[in-house]
Amino acid sequence: MDLLTTAPRGTQDVLPADSPKWRFVEQTALSAAEEYGFHEIRTPVFEHTQLFLRGVGETTDVVQKEMYTFEDKGNRSITLRPEGTAGAARCLLEHNLHTDALPVKVSYVTSCYRYEKPQAGRLREFHQFGVECFGTAAPAADAEAILLAWQILQRLHITGVSLHINSIGCPTCRAKYHEALRAYFAGHVDALCDTCRSRLERNPMRILDCKSPVCQGIAKDAPRMLQYLCDDCAAHFEAVKQYLHTAGIPYEIDTGIVRGLDYYTRTVFEFVSDALGAQAVVCGGGRYDGLIEELGGPSLPSLGFAMGIERLLLVMQAVGAPMPGPAPCDVFLVSMGEQASLRCFALASLLRGQGIRAAFDVVGRSLKAQMKYADKQGARLTLVIGDNELATGLATCRDMKTGTQSSIALDDSFCAAVAQKLKEG
Ligand code: ATP
Ligand code: MG
């Protein structure tokens, strides 16, 4: 493999043909979020490793196996962010955003880094759109975030996605559940994978999230958190469901969804696509009422979700959702001779100033080659300018679709005349 011409495994370039799709997804998500009162933040690509140990949790796959951690030249342990929530929470606390009116609602588009086995929909550098709502325990906030995610999927014309929800309770009711889980898995301890065996003591709920088929088989019959919810958590879950019902969003209860950390609480949800194979979860989220306190802040019940942008694009492609392509050139100025080239350079700049996508020959090609190139760029109009045209002050304009030719004066009316021609076509 040539290291100079091959990108690292699990990374992906976005080429000109695809970047408009990315921009469409990002802008659709960010502007929908804005309508819901979430405002964009941008946080660094790397943070202190400690933040993710705390903020993601030591028993998660992300922390145990997937982090890009290194020591910088000042001997600090640094980690490339594997997800967006921890950085957003750190940002909130560092800038005291939570001392303003609550809740604080933020959104972001970020690159994330996880050392995983690359496959379709699973990369080492990937991108997330996410939101966080800090400072409310009300079930209406859970439902609002879920509705936002739903809205974004609708606006991207993503069909065949179902919403799965669950509640994983609070530290009080979960303690009893952990006991029940330990008792259940104790009977299968020899069959569990090494990771799950180590999870058994520290965080047995994570076993439900294991990707090994053997562990999944065992976990299938394990007791479910929903049966162990305390009254408050049960009422909270009921209220979330009621809001979702009011919003008209169909959902199914999926008792297998977990976010097995002490500071993840109550509502958890996923949007799952039926158009993808294994990597079918396009959005995951939930409540983390204990996280901000865990990071040294005040008690601040909060929640959020993140969507994988690569997976959204895969689903959009699979379901045939309309996606924008690169904007074609509006006008190509074909120049013949040095004087004409100078003039085209100036005219192109004038047109661009009017928001018209203009190009001219920067190679020194023949007339024929310029026309061919203009056609390849999808130019709607070409304008031919040579010594003759400079002398008469009239350029020959050709509509590339219809083949009709006309003259355009090279005077003050030039930009308006070109704009008019574009409008006609
Ligand atoms: P999975 O179970 O697929 O590993 P996860 O639970 O690790 O997902 P989250 O941490 O909840 O994922 O991240 C939120 C979203 O980010 C996921 O639903 C998915 O769409 C996307 N995502 C997660 N990991 C990757 C990855 N390695 N490559 C591409 N997208 C990813
Ligand atoms: Mg994962």
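Here the structure is a predicted model, which means the values were calculated and not measured. Both counts, for ligands and for their atoms, begin at 1 and track the order of listing.
- Which parts of ligand 1 touch Glu116 is read off a 4.0 Å heavy-atom cut-off, strictly below it: atoms 24 (N), 25 (C), 26 (C), 27 (N).
- Contacts of Asp61 with ligand 1, taken as heavy-atom pairs under 4.0 Å, are absent altogether.
- Closest protein heavy atom to atom 29 (C) of ligand 1: Gly121 O, 3.3 Å.
- Look at Arg206 and Asp209 and you find a salt bridge, because one of the NZ, NE, NH1 or NH2 atoms lies within 4.0 Å of a carboxylate O, short of that distance.
- The closest approach between a heavy atom of His127 and any atom of ligand 1 is not below 4.0 Å.
- Inter-residue side-chain proximity for Leu303 and Arg266 is flagged as unmet; no heavy-atom pair is nearer than 4.5 Å.
- Inclusion of Leu123 in the set of residues having an N or O under 3.5 Å from an N or O of ligand 1 is warranted.
- Summary of contacts: the protein heavy atom closest to atom 20 (O) of ligand 1 is Val281 O, 2.9 Å.
- Annotation: side chain of Cys170 is not in contact with side chain of His236 (no heavy-atom distance under 4.5 Å).
- The residues Glu35 and Arg155 are annotated as salt-bridged, a charged nitrogen and a carboxylate oxygen being separated by less than 4.0 angstrom.
- Between atom 30 (N) of ligand 1 and the options Phe126, Phe305, Phe129, Tyr115, the minimum heavy-atom separation is to Phe126.
- Using a 4.0 Å cut-off between charged side-chain N and carboxylate O, Glu179 and Arg182 make no salt bridge.
- Within a 4.0 Å radius of atom 4 (O) of ligand 1, the protein contributes one or more non-hydrogen atoms.
- At under 3.5 Å, a nitrogen or oxygen of Gly308, whether backbone or side chain, sits near a nitrogen or oxygen of ligand 1.
- Ranking the protein heavy atoms by distance from atom 8 (O) of ligand 1 puts Arg311 NH1, 4.4 Å first.
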**Request:** List the steps, then state whether side chain to side chain contact (heavy atoms under 4.5 Å, CB included) holds for Leu93 with Ile292.
**Result:** CA-CA 8 Å; Leu93 291 173; Ile292 300 300; 3.9 Å; yes

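- Heavy atoms of other residues, nucleotides or ligands lying less than 6.0 angstrom from CZ of Phe414 number more than 12.
- For atom 10 (O) of ligand 1, the nearest protein heavy atom (residue, atom name, distance) is Arg114 NH2, 2.8 Å.
- Proximity annotation for atom 1 (P) of ligand 1: of Gln128, Gln12, Gln279, Arg122, Arg122 comes nearest, heavy atoms only.
- Closest protein heavy atom to atom 6 (O) of ligand 1: Arg259 NH2, 4.6 Å.
- Using a cutoff of 4.0 Å between basic side-chain nitrogens and carboxylate oxygens, Asp330 and Lys421 are not scored as salt-bridged.
- Counting heavy atoms closer than 4.0 Å to ligand 1, residue Lys211 contributes side-chain atoms (C-beta onward) but none from N, CA, C or O.
- No side-chain donor from either of Ser77 and Gln50 sits under 3.5 Å from a side-chain acceptor of the other.
- Between Phe269 and Phe305, the ring-plane angle classifies as perpendicular under the 30° and 60° cut-offs.
- Between Met307 and ligand 1, not a single N/O pair is under 3.5 Å apart.
- Under the 4.0 angstrom criterion for non-hydrogen atoms, Glu310 is not in contact with ligand 1.
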